[in-house]
Structure formats: C-alpha cells, structure tokens
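Worksheet for the structure shown next.
Index from 1, following the sequence. From a predicted model like this one, the values you see are computed outputs, not experimental measurements.
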Amino acid sequence: MQREANRPRTPTDASGSPHPPVLPRKSLGQHFLVDRGALRRIADAAELETSDVVVEVGPGTGLLTRLLADRAGRVVALEMDDALAARLKSDIGDPDNLEVVHGDAREWDPASVGEPYKLVANLPYYAASPIVRRFLECDTPPRLMVVTVQREVGQSMSAHPGRMRTLSVATQLYGVPRIVGYIRPGSFRPPPKVTSAIVRVDVLDRPALDLDDTEAFFRLVHAGFGGARKQLRNSLGHALSMPGLEVEAVMAEAGIDHRLRAEALGLPEWGRLYAAFRSRGLC
C-alpha cells in the first residue's frame with residue numbers, strides 16, 4: 001500500500017504558485033528517465049524491502065525517487081543540481097522517509113549514511129564510471145548496486161575474458177555484475193544518442209582477490225591495457241620500462257601466455273600476474 005505522504009501532488013514554490021517545469025541542464029549531462037515501465041524495472045532489480053536504506057544518485061525530477069520511497073524504509077537522494085535538490089521533496093509529495101543531500105557523488109562520503117544501504121541510480125553518462133568505482137572502492141560500499149549507464153559501459157562492467165576492460169576488472173574485483181535490461185533513448189527527456197543498460201552488481205563481502213596494495217594492482221592493470229591491441233609482453237614492458245624477455249619470464253611464472261592481450265585475462269589471471277610482479281618488486 002502506498003504511504004499517504006508519498007501521494008503526488010501539484011508541486012508549488014514557497015509562494016504557493018506552481019513550480020516552473022524542469023529544464024535539463026546539458027552541463028550536468030541530464031537526461032530525465034520518464035518511462036514508468038523502465039523506472040519500475042530499475043526499482044524491481046533492487047529487490048527493495050521496507051527495512052532497506054537506499055542511496056539514489058541524481059534523482060532529477062524524482063520519478064524514480066517516488067518509487068524508492070514507496071518501497072524502502074529510508075531514501076537518501078544525492079543531487080548535484082542545487083535547484084533540483086531544493087524542490088525535489090516537495091515535488092514528490094514530501095515523503096517523510098526521504099532525505100535530500102545537495103552534493104557531488106564523486107566526492108560525497110557514503111559513510112555518512114550510517115547504516116548498510118543499497119545504491120540505485122540513473123547515472124549521468126559522463127560520470128558513470130568514476131561514480132561506480134567511488135562507491136565500490138570506498139570503505140562503506142553498498143550491499144547491492146543497480147545503476148543505469150550507457151550500454152557500452154554496462155557491457156564493460158559485466159564483460160567476460162576476451163572482452164575485458166579496466167572497468168571490468170574494477171567492477172568484478174568488488175562484485176558480480178549483470179545486465180538486467182536495456183532502455184531505449186526515447187524513454188528519456190531529452191533523448192540521448194545512445195541506448196542505456198540497467199546493471200545490477202551484487203557486491204561481495206570482501207574483494208575477489210586478496211591484494212596487499214590495491215593501488216599497485218590497478219597500476220599493473222592500467223599498464224596492461226595501456227597499449228591498444230598490443231600483446232601484454234609489449235604493453236607491460238613499455239609501461240614498466242622492462243625488457244621484453246624479463247616480462248616474459250614473469251608472465252611464465254604466473255602461468256600466462258605473454259602473447260595474450262589484456263582483454264583476454266579474467267580476474268584470476270590478473271591476480272596471478274600481480275602476485276608474480278609484486279614478488280619481484282616490479283609493481
């Protein structure tokens with residue numbers, strides 16, 4: 001049953017007159033999702049219960065926010081646009097379980113939530129990857145993440161060996177991602193030029209690899225992906241200033257064919273490669 005406080009009403013400003021319509025800001029990459037079927041698919045993927053706490057990034061006009069407030073016990077909506085942040089709560093009927101925070105998700109500290117939470121977000125395309133990594137790599141990651149991103153970003157997050165990218169490794173180190181659906185451009189106002197993907201990430205209790213230095217691990221990963229279409233022997237040798245024969249020896253120790261390209265390696269192979277380079281003090 002919908003909470004009485006969450007019933008939509010005509011938004012008004014302080015003077016009691018209707019709010020002007022919201023105009024998307026191109027500088028913030030705003031594309032408001034208005035397709036109610038797509039909104040329900042996002043909320044459904046989060047499997048919300050009345051005991052759940054939800055952090056929503058970029059609530060915009062609040063259509064998804066209203067669904068989340070109806071289903072969850074508490075919603076923290078993080079909005080970078082000061083005008084939207086100021087009017088969001090009144091626009092969707094002043095739900096008493098909604099807290100609106102004006103801030104940038106790339107800088108905001110999730111620890112301020114104060115309890116376990118799920119992340120649900122229709123992310124701006126230009127900032128999707130850093131926001132995903134910010135939440136996964138912080139000290140207080142979400143229990144579950146459901147995000148709408150550009151199709152190619154979603155495919156990178158959930159890629160298998162042969163199509164891996166840096167984002168694939170960064171996501172799969174902390175969770176198990178899968179695409180649960182796609183959203184056509186016409187579902188947004190204004191319509192973007194790309195198709196979007198709804199990605200669910202079941203966040204792991206601990207990282208998939210036991211790493212002594214996560215930053216060193218990602219330096220190695222970035223080095224491997226640094227040479228477009230190059231064999232790992234060459235891309236790692238160039239990035240780490242190592243002779244090719246030495247790179248081959250380390251890769252042989254890790255049980256990895258030096259002729260492979262970075263996209264061919266899955267997370268276990270990256271873990272072995274890191275351990276071999278790290279044991280020699282090379283990363």
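- Here L204 is tied into one hydrophobic group with V176, each link being a pair of ILVMFWY side chains closer than 4.5 Å.
- A salt bridge links R280 with E253: the closest approach of a Lys/Arg side-chain nitrogen to an acidic carboxylate oxygen falls below 4.0 angstrom.
- Side-chain contact check for I131 versus R133: every heavy-atom pair is 4.5 Å or farther apart.
- Using a 4.5 Å heavy-atom threshold, the side chains of L64 and I42 count as touching.
- To the nearest 0.5 Å, atoms CD (Q231) and CZ (R261) are separated by 6.0 Å.
- A heavy-atom distance below 4.5 Å is not found between the side chains of I198 and Y182.
- Considering only heavy atoms from C-beta on, L220 comes within 4.5 Å of L273 through its side chain.
- Residues L209 and L267 approach most closely at CD1-O, 3.7 Å, considering heavy atoms.
- Under the 4.5 Å side-chain criterion, counting only non-hydrogen atoms from C-beta, D213 is in contact with R278.
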| request: Would you check, one step at a time, whether the test side-chain contact (heavy atoms from CB on, under 4.5 Å) holds for L33 with L63? | output: CA-CA 8 Å; L33 181 58; L63 293 180; over 6 Å; no

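- Under the 3.5 Å distance criterion, the side-chain polar atoms of K89 are matched with a main-chain donor or acceptor of L98.
- With values rounded to the nearest 0.5 angstrom, S196 atom OG is found 9.5 Å from R151 atom CZ.
- Counting heavy atoms from C-beta outward, V169 and M164 have side chains that approach closer than 4.5 Å.
- Looking at Y117 and T140, their side chains never bring a donor and an acceptor atom within 3.5 Å of each other.
- When atom types are taken as modelled, the side chain of T171 and the backbone of S168 share no donor-acceptor pair closer than 3.5 angstrom.
- E115 CD: more than 12 foreign heavy atoms inside a 6.0 Å radius.
- Salt-bridge formation is detected for the pair R200/E47: a Lys NZ or Arg NE/NH1/NH2 atom is positioned less than 4.0 Å from an Asp or Glu carboxylate oxygen.
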| query | Run the side-chain contact (heavy atoms from CB on, under 4.5 Å) check on F135 and V201 step by step: do they pass? | reply | CA-CA 11 Å; F135 276 88; V201 183; over 6 Å; no

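- Judged by distance alone, the side chain of E79 and the main-chain N or O of D81 form a donor-acceptor pair under 3.5 Å.
- When the shell of 6.0 Å around NE2 of H102 is examined, it contains more than 12 heavy atoms from other residues, nucleotides or ligands.
- Residues P59 and T65 approach most closely at CB-OG1, 3.2 Å, considering heavy atoms.
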| task | Please test E56 against L78 for side-chain contact (heavy atoms from CB on, under 4.5 Å), starting from the C-alpha separation and ending with a verdict. | result | CA-CA 6 Å; E56 183 190 9; L78 183 61; over 6 Å; no

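- For the side chain to side chain contact (heavy atoms under 4.5 Å, CB included) with V120, the qualifying choice from V55, V75, V54, D52 is V54, the only one to do so.
- With values rounded to the nearest 0.5 angstrom, L136 atom CG is found 9.0 Å from L173 atom CG.
- Y274 and D212 form a side-chain donor-acceptor contact under 3.5 Å, judged by distance and modelled atom types alone.
- Under the 4.5 Å side-chain criterion, counting only non-hydrogen atoms from C-beta, H258 is in contact with M251.
- One finds the CG atom of L282 at 5.5 Å from the CD atom of E246 (value rounded to the nearest 0.5 Å).
- A salt bridge does not link D44 to R40: none of the charged side-chain nitrogens sits closer than 4.0 Å to a carboxylate oxygen.
- In this structure, the separation between CG on L236 and CD on E248 is 11.5 Å, given to the nearest 0.5 Å.
- No salt bridge links E263 with R163; every basic N to acidic carboxylate O contact stays at or beyond 4.0 Å.
- A donor-acceptor pair is defined here as one N or O able to donate and one able to accept, closer than 3.5 Å; no such pair exists between the side chain of S158 and the backbone of P177.
- A centroid separation of 6.0 Å or more is found between the aromatic rings of W270 and F277.
- Heavy-atom minimum distance, S129 versus L167: OG-CD2, 3.6 Å.
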| request: Let me see the working for R74 and V113 under side-chain contact (heavy atoms from CB on, under 4.5 Å), right down to the final yes or no. | output: CA-CA 10 Å; R74 176 188 173 203; V113 177; 3.9 Å; yes

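- Residue F217 holds its CZ atom at 9.5 Å from SG of C283, rounded to the nearest 0.5 Å.
- No side-chain heavy atom of P185 sits under 4.5 Å from any side-chain heavy atom of K193.
- Under the 3.5 Å distance criterion, the side-chain polar atoms of H31 are matched with a main-chain donor or acceptor of P190.
- A donor-acceptor pair under 3.5 Å is formed between the side chain of R189 and the backbone N or O of G186.
- When all heavy atoms are compared, the tightest approach of S187 to D35 is OG-OD2, 3.1 Å.
- The nearest pair of heavy atoms linking A170 to E137 is CB-OE2, 4.4 Å.
- Side-chain atoms of E269 come within 3.5 Å of backbone atoms of G266 as a donor-acceptor pair (strictly under, hydrogens ignored).
- In this structure, A159 and Q172 approach most closely via the heavy-atom pair O-NE2, 2.9 Å.
- At least one donor-acceptor pair closer than 3.5 Å links the side chain of N97 to the backbone N or O of A69.
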